[in-house]
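First comes the structure, then the notes that go with it.
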Amino acid sequence: MSERKVLNKYYPPDFDPAKIPKLKLPKDRQYVVRLMAPFNMRCKTCGEYIYKGKKFNARKETVQNESYLGLPIFRFYIKCTRCLAEITFKTDPENTDYTMEHGATRNFQAEKLLEEEEKRMQKEREEEELNNPMKVLENRTKDSKLEMEVLENLQELKELNQRQANVDFEAMLKQYKELEEEQRRKEQEEDEQEMKAMLEQAQNRRLLADSDSDEEPAKPRPNPTAHTKPTDILQEDPQPQSKKPRMESWERSVGKLSTKAQLAGLVARRKEKDKADPALENGMETRGTTASTGSLPAATAAATSSLGLLGAYSDSEDSASD
């Protein structure tokens with residue numbers, strides 16, 4: 001069984017490729033190609049405009065007995081999009097362009113012809129100047145005269161326009177400069193106003209912040225030198241706020257010993273004698289020393305006074321029993 005994809009073919013020994021019959025096609029054979037219109041054109045039959053770049057299904061053939069430097073020239077057949085009239089054009093390798101044959105007229109053809117004529121004249125002039133130096137001098141003098149005439153005509157046109165228009169260019173320039181200066185001055189004033197507004201806003205905010213801080217009440221600070229007498233410390237509350245509830249609970253359970261109202265019913269006055277009891281004198285001396293020492297804490301002073309009163313009360317009971 002042979003292979004499906006054959007890479008090598010068998011050639012018999014008596015194979016002669018010259019004996020293979022060749023396919024003879026006509027030289028003017030036409031091919032169907034897809035192309036775009038190479039230039040703007042107008043149909044002669046219906047007047048329809050065909051713009052550059054419009055696509056057509058065209059027939060292409062090789063032009064017989066025409067060539068340029070060995071390059072073949074091709075002809076294309078298209079149909080008008082409106083009346084279906086046949087339009088033909090062919091290539092122009094000499095000018096790298098296309099030429100219209102029949103069926104339509106090329107737009108802007110006059111401009112192209114003018115450019116071609118100018119190129120032809122310029123080429124002829126260069127050829128003449130190449131072989132004739134006197135012709136070069138004549139052409140230069142003609143060019144200079146033509147240039148002078150053009151400048152004179154231009155100056156006359158300018159003077160005519162100035163007389164008719166009556167426009168003072170210096171005044172226009174001066175006015176333009178004044179407008180620029182005024183606009184610049186306005187911009188500077190606007191910038192200054194914006195800066196002033198921003199400064200005022202910042203100052204108002206600062207004043208509001210200062211007023212808010214002044215409205216807050218200032219906390220009183222304790223003055224350690226406010227006590228003028230050593231005994232003033234006994235009248236103030238020596239305990240801080242956190243110890244007050246503890247003192248109140250203690251007083252409710254035990255009672256105050258330092259208050260005069262509670263000790264008034266317990267202490268009995270002794271009868272006046274010629275000589276005071278030495279225990280009372282000791283208690284008075286103890287109270288005097290307690291009051292005189294301002295450096296001791298208030299709690300120690302209160303305890304000392306209460307103990308002195310209790311001592312005096314016990315002495316009075318002993319004397320009464322005797």
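Keep in mind that what you see is a predicted model, and the values were worked out from it rather than measured. Residues: numbered from 1 along the sequence shown.
- Ring geometry for F74 against F76 counts as tilted: the plane angle lies between 30° and 60°, on a 0 to 90° scale.
- Rounding to the nearest 0.5 Å places CD of E86 at 6.0 Å from NE2 of H102.
- E138 CD to T141 OG1: the interatomic distance, rounded to the nearest 0.5 Å, is 6.5 Å.
- Contact check for D92 versus Y68: no side-chain heavy atoms found under the 4.5 Å cut-off.
- In this structure, CG in L154 is found 10.5 Å from CD in E159, a value given to the nearest 0.5 Å.
- A donor-acceptor pair shorter than 3.5 Å cannot be found between the side chains of N40 and R106.
- Looking at heavy atoms from C-beta onward, E101 lies out of side-chain contact with F89 at the 4.5 angstrom threshold.
- Under the 3.5 Å distance criterion, the side-chain polar atoms of R75 are left unmatched by any main-chain donor or acceptor of K90.
- In the displayed structure, R82 atom CZ is contacted under 6.0 Å by at most 12 heavy atoms of other residues, nucleotides or ligands.
- The nearest pair of heavy atoms linking G103 to I87 is O-CG1, 3.7 Å.
- Clustering ILVMFWY residues whenever any of their side-chain heavy atoms sit less than 4.5 angstrom apart, transitively, puts L35 in the very cluster that holds I50.
- Between E116 and R120 there is no salt bridge, since none of the side-chain N atoms of the basic residue sits less than 4.0 Å from a carboxylate O of the acidic one.
- Rounding to the nearest 0.5 Å places CG of D14 at 7.5 Å from NZ of K19.
- Partners of Y11 by ring pair (Phe, Tyr, Trp, His ring centres under 6.0 Å), not counting sequence neighbours, listed by chain and number: F15.
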